[in-house]
Amino acid sequence: MPVAVPANARTGEPGPGEQAFADDAAAPPAPSAVLAWFERAVVAAVILFVSVGLVGLVAAIFGVARPVVVLPIGLLVGGALVALWGLPRVSTSAQGARPVRAWIIVAGALVILGSTAVNVRFHAQHIITNRDQGIYVNGGKWIADHGDLVVEGRGPGLDGAPGLMTNALGQQPTDAVGDDSKLEIQSMHLLHTYMAVGEWVGGNRGLFVTPALIGGLALAALFLLALRLLPGGLALAATTALACNFIWFHGARDALSEPLLLLTTFAGLWFVLVAAEDGRRARLLVGGLVLGSSLAVRLDAGVGVGAVLALAGLCAARRRAVARRAGAGGSAPADGGATGFPMYAFVVGGLLLPALIGFVDVTERSSYYFSFLEDDSVLIAAFVAAGLAAGLALIAAEAVWAHIRHRRSGLRLATARRSLARLLPAAAVAAAAVTVAIFLFAWVVRPQGDPVRADRPPEGEAAMRTIQLREGLKSDPERTYAEGSVLRLAWYMGDAAVALGGAGLAVVAYRVVRGRATDTELGLVAVAVPATVLFVYRPGIYSDQPWMMRRYLPHVIPGLLLFGGLAAASLGRVLSRWRPVGRRPQLATAAVTLAASVALVAGTFDVSWPLREVRTDAGGRAGIERLCAAMGPDAVAVLGNDISLTHLPAVRGFCDIPAARPAQEGPLPLADLVPRVERSGRTLWVVAGSSEGLRYLAPTVTDARMVPLMQTTRLIATMAKPPSEYRDVELHVWVGKVETAA
């Protein structure tokens, strides 16, 4: 059976990169108008989205992030990039000998829209900074209101006040010596910027539904890539399986950077692959830009970006080789696109700008965070550099090989090629067997070994110990549970889906060694395999559930779903060749597709269905605004240490008032603080978690009252099993006015 080769968007001929690995050439599928429209919509949305985000991030770095600056410039830049890319009438995403049926595209669009709507309905309002979500929310609110990544730590009434600190979780002094008059927001800030855009465009609701909208676009990008990789039914199943996975919708409803990373890496891979098919310089630049935006999302994005850079070099080398064989003189193929080093240079050139933006952002506007992860950053930078070098080496190797082939006799080369061809089948089987053995070791054998441990800070140990004791486990707070990473993936994906993913890895290993893997399959390997190996071996995150699983959200879970689709597609092709008398081979393929689709999707429901309405800190914004109203706009707030680390950024950002916390235990230095606040024309308010804490901080407090923040539900964190239950949570604070020191 022929291996499908995607049609070149400009010529209708097979793409040179894919043709090099095909068993034999297949006729390009007939164009699908519905798919073409879907592709055009997703391409335009992704380019505009990336453009607005990068323009907004640059503006925030320079302190000028305002809607009148970011939105017009971002949309103008995005429109220019859409024009550069071009939106052809014929889709470049269809795979297989037959076109993708229109109903599959419609069904995929309905899954994406339905998932997005549900996630918008149950969006989180994670105000307090007890974990990263609150950091992103409060950072986005600060950018939206102030246009800057530098947070005013002191302000009127607190300037020079002794005995106080203004830093909290997610906001640290920009000065190495600890001057807390200026604070920086933890992490890289592209997601913060999108949260700010959501606040500008959608107001109160827009800030919190932004992650769900990002998730919807990420699902669309994944579906588009899946259609290049899999038959339509399996592409739909893989996308649906991710949309139904609890880890996915838990991440897409709350403010986490992983769905954004999934969007930029999978969309970036699609753009690079399509651009590599025709070699158009403008498309290569745009593809590099979209892929490079990953480097402004998270530091660990460099793992996948480095591997895709190596793949881009391989595509450039292949395209040059095809041009040589076609008699184009080795400089350009017949369609006029770039090949070799020029082609690679345009991809890298497009990637450099967002990479530079991300580098400046994390080193100049999040230096504390960067220094904390400096060792990991060096390794990730080395991975990107290695990918870049590998791409260049592949291009150079092609040129050297072409020279050798020209100088050596054709007979010798043909003899060497036949000798190598005799070894490849056995080597390919061995590669597949080794892949299966490694996967089974990680899934079955490794969990039986000694527990993996890592150092944790005291507060982290306390949190892990609490969960372990609640579940009746042995107290072992340094245990990372990394040895059971694949087991944990199976909790949320189902055993059948994980097994299919492992089989798909083996299939791709076989095809790579045989020289039959398509560029899209190699692209999936580049994005998914390095992250899978890294995070299965060492997650590098607290091990409570579902927190640990955010590591596997951007690349590992979607990667295994797509590899599972590849395994099913391969089995369907094998069975379709077996044609008993009177039987239609299409029935075998349809049966495999149906069975695999059920396995991929159904395995998610054990965890996801009971938690389908999960929502974090519902009503959080209304609660913090009640607190703001209780104090008034001319307040200065000092928060007690029982709540200050987690509540201080929200009070500062949402109330837009100076706020601090005690630098040490004991009552506040009111004799100095009260006159200082009065001279600023403001009123001192004290906030604590209880009335006793309030009067401990300020014995002269008046007008003390309780302010309810939230009456909501939260997941009960687990360690040895997936989460399955909620608990009712009622959060409140006490607030009082201080008008006298004695």
Side-chain angles (χ1 to χ4, degrees), residues 9 36-89 139-140 142-149 188-203 206-207 209-211 213-214 216-218 220-221 224 260 263-265 267-268 270-272 274-275 280-297 346-361 365:
W37 276 107
F38 177 78
E39 180 181 308
R40 287 197 290 268
V42 175
V43 166
V46 168
I47 293 176
L48 291 170
F49 176 82
V50 168
S51 301
V52 170
L54 292 177
V55 169
L57 180 55
V58 171
I61 291 172
F62 288 98
V64 293
R66 301 292 182 185
V68 295
V69 174
V70 173
L71 297 180
I73 297 177
L75 293 174
L76 183 63
V77 171
L81 292 176
V82 170
L84 277 176
W85 178 265
L87 298 176
R89 296 173 62 86
W142 184 268
I143 296 170
D145 290 346
H146 299 271
D148 203 341
L149 293 175
M188 304 179 80
H189 300 111
L190 189 56
L191 179 57
H192 301 81
T193 303
Y194 285 119
M195 301 289 285
V197 173
E199 174 84 4
W200 293 335
V201 175
L207 177 74
V209 304
T210 295
L213 298 178
I214 291 173
L217 189 55
L224 205 57
L260 178 58
L263 166 60
T264 54
T265 49
W270 184 92
F271 275 86
V272 169
V274 173
R280 286 170 51 184
R281 291 163 177 80
R283 283 191 164 191
L284 294 166
L285 279 171
V286 175
L289 180 74
V290 175
L291 177 65
S293 65
S294 302
L295 298 174
V297 179
F346 277 97
V347 174
V348 174
L351 182 140
L352 285 178
L353 178 59
L356 178 62
I357 294 171
F359 177 77
V360 172
D361 174 38
R365 292 292 181 263

Side chain to side chain, Leu54 and Val77, heavy atoms closer than 4.5 Å: no
Distance-minimising heavy-atom pair for Ala196 and Gly140: CB-O, 3.4 Å
Thr193 side chain reached by Val70 side chain, heavy atoms, under 4.5 Å: no
Looking only at heavy atoms, what is the nearest atom pair of Leu351 and Gly292, with distance? CG-CA, 3.8 Å
Leu284 side, atom CG; Trp85 side, atom CH2 - distance, nearest 0.5 Å: 8.0 Å
With sequence neighbours left out, write down each residue that passes side-chain contact (heavy atoms from CB on, under 4.5 Å) with Phe359, or none if nothing qualifies. Thr363
Look up atom CG in Leu48 and atom CG in Leu217, then write down how far apart they are to the nearest 0.5 Å. 10.0 Å
For Thr264, the side-chain hydrogen bond (donor to acceptor under 3.5 Å, both in side chains) test, sequence neighbours excluded, returns Ser294
Are Asp361 and Leu149 side-chain neighbours, meaning at least one heavy-atom pair lies under 4.5 Å? yes
Does the pair Ile214 and Leu191 meet the rule for a side-chain contact (heavy atoms from CB on, under 4.5 Å), with working shown? CA-CA 10 Å; Ile214 291 173; Leu191 179 57; 3.8 Å; yes
Where do Phe271 and Ile47 land on the side-chain contact (heavy atoms from CB on, under 4.5 Å) test, with the steps shown first? CA-CA 10 Å; Phe271 275 86; Ile47 293 176; 3.8 Å; yes
Can you check whether Arg66's main-chain N or O pairs, donor with acceptor, with Trp200's side chain at less than 3.5 Å? no
Counterpart residues, side-chain hydrogen bond (donor to acceptor under 3.5 Å, both in side chains), relative to Thr265 (two or more places apart): His555
Is the shortest heavy-atom distance from the side chain of Leu285 to the side chain of Leu84 under 4.5 Å? no
Non-hydrogen side-chain atoms of Val82 and Leu87 separated by less than 4.5 Å: yes
Indicate the atoms forming the closest heavy-atom contact of Leu81 with Ser51, along with that distance. CD1-OG, 3.4 Å
The reported gap from CD1 in Ile143 to CD in Glu199 (rounded to nearest 0.5 angstrom) is 11.5 Å
What's the shortest heavy-atom distance between Leu190 and Gly53, and which atoms? CD1-O, 3.4 Å
Looking at Gly74 and Val52, what are the two nearest heavy atoms and their distance? C-CG2, 3.8 Å
Pairwise distance CG(Leu263) to OG(Ser293) - rounded to 0.5 angstrom: 7.5 Å
Is any side-chain heavy atom of Val43 less than 4.5 Å from a side-chain heavy atom of Trp270? yes
Once the angle between the rings of Phe49 and Tyr194 is folded into 0 to 90°, is it parallel (under 30°), tilted (30 to 60°) or perpendicular (over 60°)? parallel
Atom pair CE/CG of Met188 and Leu295 - distance to nearest 0.5 Å: 7.0 Å
Minimum heavy-atom separation for Gly350 and Pro354, please, with both atom names. O-CD, 3.3 Å
